[in-house]
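Okay, structure first, notes after.
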Amino acid sequence: MRPMIQTETSRVNFRWIMPFEEGNRDLKQLLGGKGANLAEMTRAGLAVPPGFTITTEACRAYYQGSNLPEGLLEELQQSMTALEQKKGQRFGDPTAPLLISVRSGSVNSMPGMMDTILNLGLNDETVKGLARLSGNERFALDCYRRFIQMFSNVVFGVESVYFEKILRTLKQERKVDTDQELTAEDLSGLIDAYKNTVKSIAGKVFPQDVQEQLELAVESVFRSWNNNRAVIYRRLHAIPDEQGTAVNIQSMVFGNLGDDCGTGVLFTRNPSTGERKLFGEYLTNAQGEDVVAGVRTPKAIAEMEQEMPEIYQLLSDTAAQLEAHYRDVQDIEFTIEKNRLYMLQTRNAKRTAQAAIKTAVDFVHEQIITKEEAIERLDTAHLNQLLHPSIDPSIALDVLAVGLPASPGAASGQIVFDADVAEQWSKKQMKVLLVRNETTPEDIHGVIAAQGILTSHGGMTSHAAVVARGMGKPCVCGCEAIEVDDEQKQLMIGGRTYQEGDWISIDGSTGRVIEGKVELTDVNLSDELLLLLTWADEIRHLKIYANADHPEDARKAREFGAEGIGLCRTEHMFFGNDRLPVVQAMILAENLKDRKEALDRLLPMQQGDFEGLFKAMDGYPVTVRLLDPPLHEFLPNLEELNEQMAHLIQNGREQSSDAHKLRQLIKKVRSLHEVNPMLGQRGCRLGILYPEIYDMQIQALFQAAVICIHKGIEVIPHLMIPLVGHYTELKYFHGRITRMAQEIFDAAGVKCEYEIGTMIEVPRAALTAEKLVPYADFFSYGTNDLTQMTFGYSRDDAEGKFLTYYVDQKILPNNPFQVLDRDGVGQLVELATTKGKNLKPSLQAGICGEHGGDPESIMYCQEIGLDYVSCSPYRVPLARIAAAQAKLAADRRDSNCNLA
Ligand code: ADP
Ligand code: MG
Ligand code: MG
């Protein structure tokens with residue numbers, strides 16, 4: 001099972017261990033990132049202290065048997081002997097002791113998550129040898145006390161605070177500020193105190209046998225793979241638990257031997273801005289993690305140019321060499337021993353989204369990578385950060401509470417508790433934050449008007465969260481620590497009370513609720529990002545549309561590069577403050593005449609909406625979905641109405657005209673009640689029962705088109721019929737639309753091209769796609785509903801109840817509402833597309849809904865040959881990049897096939 005490690009140069013075939021000279025960067029899976037890169041640097045001729053790597057396979061074998069695997073100790077022995085020969089020192093020899101570091105090294109970098117031990121091989125005898133050899137007793141003792149601390153921490157689990165406390169007390173007694181000022185005698189005492197601490201805390205005698213030290217250390221590094229922070233980090237970054245860590249054993253070099261020594265960290269470019277300039281810190285006369293530990297304030301790398309000019313030159317040459325070799329920004333660890341520079345680590349640097357973009361573009365301009373590689377390297381999830389306003393991280397914040405980070409971005413505003421007030425205030429150019437216990441669809445106009453939304457209840461998929469994400473509006477949900485009093489118009493947070501009009505801020509990326517107004521950085525697509533996006537556009541095949549319901553969203557979408565609107569949900573146009581009463585009158589109408597009257601009042605409003613969209617999308621298609629949700633969603637809920645009724649009765653007004661109206665309303669709400677609204681009278685079913693509603697929308701749309709044509713705007717309407725399950729439903733509307741369009745065009749004396757299509761969101765529609773084709777110019781997969789109906793999950797119930805548990809228990813690989821389920825839902829999409837395109841090659845197919853902005857789902861759309869994806873405006877830039885990545889991946893697959 002376990003392959004032998006064989007390389008051209010190896011003389012001995014080892015199973016578990018590989019010396020640095022024999023590895024290379026491509027063996028990352030086996031050697032871990034650190035080991036592979038140490039090997040690569042060794043091969044490149046850089047000064048790397050010699051050593052070897054115990055493979056991740058050994059770690060996996062360790063976990064299988066919970067013992068060091070058979071043969072490992074013998075290989076370790078031989079490797080140590082080879083190292084001794086190379087260094088001319090002996091492990092445990094009191095005259096010339098070999099000292100080593102034992103360093104963890106996982107395949108994916110997990111900075112600081114696992115353990116490393118320095119100066120291993122020191123004991124009461126060898127420390128004297130080190131003192132004699134270096135001519136520096138203080139130094140030797142300093143190494144020893146560090147070793148005891150690190151070893152006991154990693155191997156015996158003695159927490160560092162115990163050692164730090166002793167050190168602090170000693171410095172206070174000696175009245176000194178820094179460790180450097182402690183004398184050899186002080187350190188000697190410290191070592192005894194440390195040993196006693198180990199005995200009292202862990203009940204262990206600090207081992208003097210160096211072989212025992214080594215074996216214990218190796219095993220502990222294996223074990224550190226499963227310490228808490230490593231487990232959490234892996235979960236966060238989806239790193240497989242079974243991968244295991246390698247262990248690197250490397251001879252020590254010393255940065256703490258005097259002022260011509262030091263240690264530091266260097267980035268080849270600035271990791272926060274991407275600026276092309278060495279960025280880093282170092283400390284003279286220091287070891288290991290002193291730089292990051294914050295005990296002493298490190299110096300900026302630029303100072304080294306004066307302090308150690310030759311080393312600085314060599315370091316910057318090496319940095320350039322490594323960057324060119326790896327063709328990426330490097331994060332380098334180095335140590336200087338007696339004016340000699342040693343490289344201890346290099347890896348591709350973690351960086352901010354901003355820096356990722358700048359360096360990608362710069363690398364292309366410097367001809368280090370191609371445009372395609374620049375695109376491939378981008379992490380779309382990471383870029384998301386840039387597409388929302390954020391809080392300047394350098395500002396000190398008064399954080400009042402933390403809720404769920406429901407929709408990224410930050411917002412400051414004056415708080416309001418009511419959607420109407422939000423709308424009124426925002427018309428007066430005030431910035432408002434809508435604070436609610438939870439939001440309902442009726443609050444939509446308040447959500448639109450607000451800078452951001454804060455709710456005390458509701459989860460990541462609550463109405464507020466979904467709507468806010470769609471609009472790219474910051475939202476913090478389910479913040480149970482706040483108390484919202486709608487009646488008193490007060491917000492209570494941890495003993496503080498805020499009145500309507502007071503300023504607070506929220507950060508939807510972290511869930512923080514913050515006191516007062518804070519400065520925000522605006523969404524500003526940098527020139528570099530704009531350039532990258534044009535490169536992505538050259539590569540990608542999928543068209544990117546946006547889901548936009550309002551002209552304002554449409555403009556944003558255009559600004560972000562959308563090539564049309566793929567989904568306009570017209571019901572969102574029904575919720576405005578001026579609309580809802582008319583919509584309700586329309587629903588409550590007792591007869592066709594009354595209903596038509598109400599619809600006549602809605603028509604000009606709806607027409608105005610469409611004109612706005614056509615104008616914003618001049619020259620690009622606007623896909624309008626006719627009314628989808630069931631009518632009861634536009635009426636107040638029953639509980640609320642019953643409460644109002646109870647109130648009237650209490651006040652003896654049960655015979656009043658108010659009570660009469662209320663009774664009518666309650667009756668209507670009852671009659672519209674559905675046991676299962678998701679599968680009830682919605683979508684085109686509604687349109688067939690009340691054709692006058694759809695007629696009004698169709699009329700508004702074509703009249704708007706005519707008006708825009710007169711203004712010289714190029715309009716491309718796409719009409720979309722939702723929730724079709726049987727082709728006759730589509731056929732019915734196809735006829736009506738065609739007739740009405742003709743009438744309106746004839747009357748106006750102008751016309752335009754338009755398309756009719758259907759959403760495919762009922763499995764039956766997908767299965768019978770060939771029957772839909774004669775009546776459809778396009779198929780738009782409503783993958784939210786299609787997922788609901790294919791799995792038989794109601795999204796609201798599933799996400800609130802069992803879905804998270806399913807994903808945790810690995811019953812499902814992920815939430816199918818976030819990542820499109822290829823095997824099931826995907827099969828329906830593929831089937832319908834194939835059938836459709838076979839019969840009508842010009843048929844356009846795409847997805848709308850939340851999957852449209854998900855990179856993995858975009859990859860899938862590319863694979864199965866769809867034409868477009870439609871996503872929320874704020875995700876359009878990411879979708880452009882993801883679509884280009886998908887195309888590149890497809891090209892690569894094709895060329896691999898051709899080679900094979
Ligand atoms: P991490 O993965 O947490 O960065 P490392 O294994 O890189 O841990 O070790 C941390 C630091 O310890 C290194 O940056 C380096 O300063 C120091 N170090 C490790 N090995 C050696 C060595 N052989 N000689 C000198 N210093 C070392
Ligand atoms: Mg390191
Ligand atoms: Mg739907």
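Atoms within a ligand are numbered from 1 in the order they appear, just like the ligands themselves. Small disclaimer: the values here were computed from a predicted structure and weren't measured.
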Angle at the Mg ion (ligand 2) (to 10°), with one arm to OE2 of Glu333 and the other to OE1 of Gln345
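That angle is 100°.
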
If you measure every N/O of Glu333 against every N/O of ligand 1, is any gap under 3.5 Å?
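N/O-N/O distance below 3.5 Å exists for this pair.
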
Polar contact flag for Arg103 and ligand 1 (N/O pairs, less than 3.5 Å)
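Yes; at least one N/O pair falls below 3.5 Å.
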
Under a 4.0 Å heavy-atom limit, does Met252 contact ligand 1 with its side chain, its backbone, both, or neither?
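The answer is both, backbone and side chain.
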
Shortest protein contact, [atom] (heavy atom only):
atom: atom 15 (C) of ligand 1; value: Leu344 CD1, 3.7 Å
atom: atom 11 (C) of ligand 1; value: Glu289 OE1, 3.4 Å
atom: atom 12 (O) of ligand 1; value: Leu118 CD2, 3.6 Å
atom: atom 8 (O) of ligand 1; value: Thr116 OG1, 3.3 Å
atom: atom 21 (C) of ligand 1; value: Ser101 OG, 3.5 Å
atom: atom 1 (P) of ligand 1; value: Lys34 NZ, 3.7 Å
atom: atom 24 (N) of ligand 1; value: Val253 N, 3.1 Å
atom: atom 16 (O) of ligand 1; value: Gly288 CA, 3.3 Å

Examine the side chains of [X] and [Y] and answer whether a donor and an acceptor come within less than 3.5 Å of each other.
X: Thr268; Y: Gln330; answer: no
X: Gln287; Y: Asn119; answer: yes
X: Gln149; Y: Tyr144; answer: no
X: Glu215; Y: Gln211; answer: yes

Can you sort out which atoms of ligand 1 are near Gln345, meaning under 4.0 Å from one of its heavy atoms?
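Answer for ligand 1: 4 (O), 7 (O).
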
Heavy-atom contacts with Thr263 under 4.0 Å: which atoms of ligand 1 show up? List them by number with element.
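Heavy-atom distances to Thr263 below 4.0 Å select 16 (O).
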
With respect to atom 23 (N) of ligand 1, which of Pro49, Pro50, Ser104, Ser251 exhibits the smallest heavy-atom separation?
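Shortest heavy-atom distance from atom 23 (N) of ligand 1: Ser251.
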
For a ring-ring contact (aromatic ring centres under 6.0 Å, His included) check, start with the C-alpha distance between Phe222 and Tyr63, then their side-chain angles and the critical distance, and finish with the verdict.
CA-CA 8 Å; Phe222 281 161; Tyr63 275 109; 7.4 Å; no

Please check: side-chain N/O of Asp186 versus main-chain N/O of Thr183, any donor-acceptor pairing under 3.5 Å?
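A pair under 3.5 Å: yes.
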
Within a radius of less than 6.0 Å around CD of Glu212, do more than 12 heavy atoms belonging to other residues, nucleotides or ligands occur?
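Yes.
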
Does atom NZ of Lys195 have more than 12 heavy-atom neighbours from other groups under 6.0 Å away?
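Enclosed.
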
Spacing of CG belonging to Leu266 relative to CE belonging to Met304, to within rounding of 0.5 Å
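Taking CG in Leu266 and CE in Met304, the distance rounds to 8.0 Å.
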
Is any NZ, NE, NH1 or NH2 atom of the basic residue among Arg234 and Asp241 found under 4.0 Å from an Asp or Glu carboxylate oxygen of the other?
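Asp241 and Arg234: salt-bridged.
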
